[in-house]
Amino acid sequence: MFDIKWIRDNPDAFDKAMSQRKNVSVRSSDLIAIDERRRQVIVRLNEAQEKRNSFSKQIGQAKAQKDEARAAELMAEVARLKEFIPAGEAEERAVEKELRDALSTIPNMAFDDVPVGDDESGNVEYFGPNGSPETAAQQRPAKPSFSFAPKEHFEIGVAETNMDFEVAARLSGSRFVVLKGQVARLERALGQFMLDLHTTEFGYTEVLPPVLVRDDALYGTGQLPKFEEDLFFTPHGENRLALIPTAEVPMTNLVREAILAEEELPLRFTALTPCFRSEAGSAGRDTRGMLRQHQFNKVELVSITTPEEAVNEHERMLMAAETVLRKLGLHYRVMTLCTGDMGFGARKTYDIEVWLPGQDTYREISSVSVCGDFQARRMEARYRPAGEKQAPRYVHTLNGSGTAVGRCLIAVLENYQQEDGSVLIPEALQPYMGGLTSIGGK
RNA sequence: GGAGAGAUGGCAGAGCGGUUGAAUGCACCGCACUCGAAAUGCGGCAUAGGGGCAACUCUAUCGGGGGUUCGAAUCCCUCUCUCUCCGCCA
């Protein structure tokens with residue numbers, strides 16, 4: 001969420017940033033006009049309240065001195081103000097809400113170094129800080145080569161028997177899957193492997209959060225009010241709870257309404273949770289296989305930092321996510337999303353796209369975003385800078401997948417498939433598979 | 001699910017209709033004392049929004065929201081959460 005004061009002071013920068021976003025038509029002048037009305041109401045209301053308070057004090061004093069006549073006189077005086085104050089308060093509430101509603105649907109502003117573009121065709125490949133295509137190619141696993149035509153994940157022998165879309169459809173409808181046997185185990189192994197990696201090598205604290213959350217939490221991270229149709233809700237008493245679309249929601253909200261000490265930062269959290277998305281806008285896309293499901297597992301990374309550290313933390317988080325793929329020997333590339341392709345709360349986003357030989361293409365497996373104070377402002381998440389008597393400042397928040405477990409399963413299956421329908425197990429995963437070196441063999 | 005109690009500043013904890021943004025203690029910061037530290041003493045120490053070049057000033061906030069009142073941390077309604085007891089339960 002934007003700070004209206006910032007918009008007031010930087011209307012041109014705001015308008016320029018918004019013009020680069022997709023489907024955003026808001027103008028700073030509209031917002032400033034609301035703010036103008038808001039401030040006028042506040043001035044009038046404050047004046048009336050000041051008078052009332054002053055009179056009320058005098059009434060108290062008069063009563064203390066048993067001067068009832070004087071008290072009655074003052075009460076008559078203040079009665080006239082009473083006509084305005086409740087109306088003024090209601091008006092202030094209304095205009096505050098109007099401003100908040102307007103601000104809460106405005107997406108974040110991209111950093112200056114984010115490429116400008118309308119859609120994913122404007123994304124730019126990223127090779128790491130000070131990186132080049134050559135250095136990146138050295139550091140990242142190479143594309144595998146096959147002596148046969150590689151299949152898509154759901155066509156591979158071991159998956160055909162252990163990845164059941166038909167029975168899932170009978171239970172739950174389309175975009176669900178039932179995993180069985182060694183494929184289910186492989187999914188579990190991947191999740192454990194990723195959590196262990198992030199907690200032991202990158203200092204993330206493991207979290208097991210609720211997967212049902214309130215509207216407030218979703219508002220905090222930016223899914224509400226604008227993206228309600230992407231979520232699943234379940235009734236709960238008079239209210240409702242949402243199934244989390246990502247563990248970013250509960251983990252980022254761990255610091256909501258908190259004032260942290262600077263010494264506590266950065267906070268780094270990781271969780272393996274199921275995620276639930278209605279995929280309302282994705283009808284007809286990726287309908288085969290388990291690439292796009294209503295329910296999938298994901299290991300998520302969340303960092304809470306100072307403003308100064310946020311950009312460094314972004315690179316660090318990207319590296320943590322990349323390390324998953326490096327250790328698994330999966331070829332990938334990293335894209336910097338352009339202004340038109342970025343998510344609502346992000347100031348800059350890197351997507352990691354893993355190579356899927358069966359599809360003969362790269363597919364997103366991780367998205368790593370730095371959000372600045374956008375979410376912190378919505379959540380009232382602050383920290384007190386070290387040193388004496390500093391006012392609290394908003395924290396900066398980051399989130400990234402580390403990585404999507406279901407998609408990683410697909411990637412392992414497609415990249416390690418053998419002609420006989422079996423799949424080799426990457427070395428890093430073998431301890432999590434009871435030492436197995438392959439699954440689905442005869 | 002039933003019955004009851006509660007939610008106050010970073011923490012603990014008073015206040016229960018009048019000049020209370022809020023006693024007191026702890027924590028924290030500054031100063032004094034000290035060779036230094038501890039102890040002690042003195043002072044400071046919430047957040048947000050307005051107005052003002054500034055000094056400064058006004059308003060709001062005692063879990064959230066609404067109400068009663070000239071005036072609410074204090075009274076009423078409502079929501080959320082916590083605790084105790086009973087019931088149920090993986």
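Naming: A, B, ... by sequence-line order, numbering from 1 per chain.
With a cut-off of 3.5 Å on both pairing distances, the Watson-Crick or G-U wobble partner of rU59(B) is rA48(B). Nucleotide rA27(B): unpaired (no Watson-Crick or G-U wobble partner with both distances less than 3.5 Å). Nucleotide rC70(B) is matched to rG18(B) when pairs are restricted to Watson-Crick or G-U wobble geometry with both distances under 3.5 angstrom. Figure legend. rC33(B) is base-paired to no nucleotide; pairs are counted as Watson-Crick or G-U wobble with both atom distances under 3.5 Å. With a cut-off of 3.5 Å on both pairing distances, the Watson-Crick or G-U wobble partner of rU80(B) is rA7(B).
As rounded to the nearest Å, rU40(B) and rC33(B) have C1' atoms that lie 8 Å from one another.
One interatomic measurement links the two molecules: CD of Gln40(A) to P of rG51(B), which rounds to 10 Å at whole-angstrom precision. The NZ-P distance, from Lys66(A) to rG18(B), rounds to 13 Å in whole Å. One interatomic measurement links the two molecules: CZ of Arg52(A) to P of rG18(B), which rounds to 17 Å at whole-angstrom precision. Atom-to-atom, NZ of Lys5(A) to C1' of rG49(B) comes out at 8 Å; the value is rounded to the nearest Å.
Among rU47(B), rG49(B), rC70(B), the nucleotide with an atom closest to any side-chain atom of Arg382(A) is rU47(B).
In terms of polar N and O atoms assigned as donor or acceptor, the side chain of Gln61(A) comes within less than 3.5 Å of the base of rU19(B) in a complementary pairing.
Contact between the side-chain N/O atoms of Lys63(A) and the OP1/OP2 oxygens of rC70(B) is not found at any separation under 4.0 Å.
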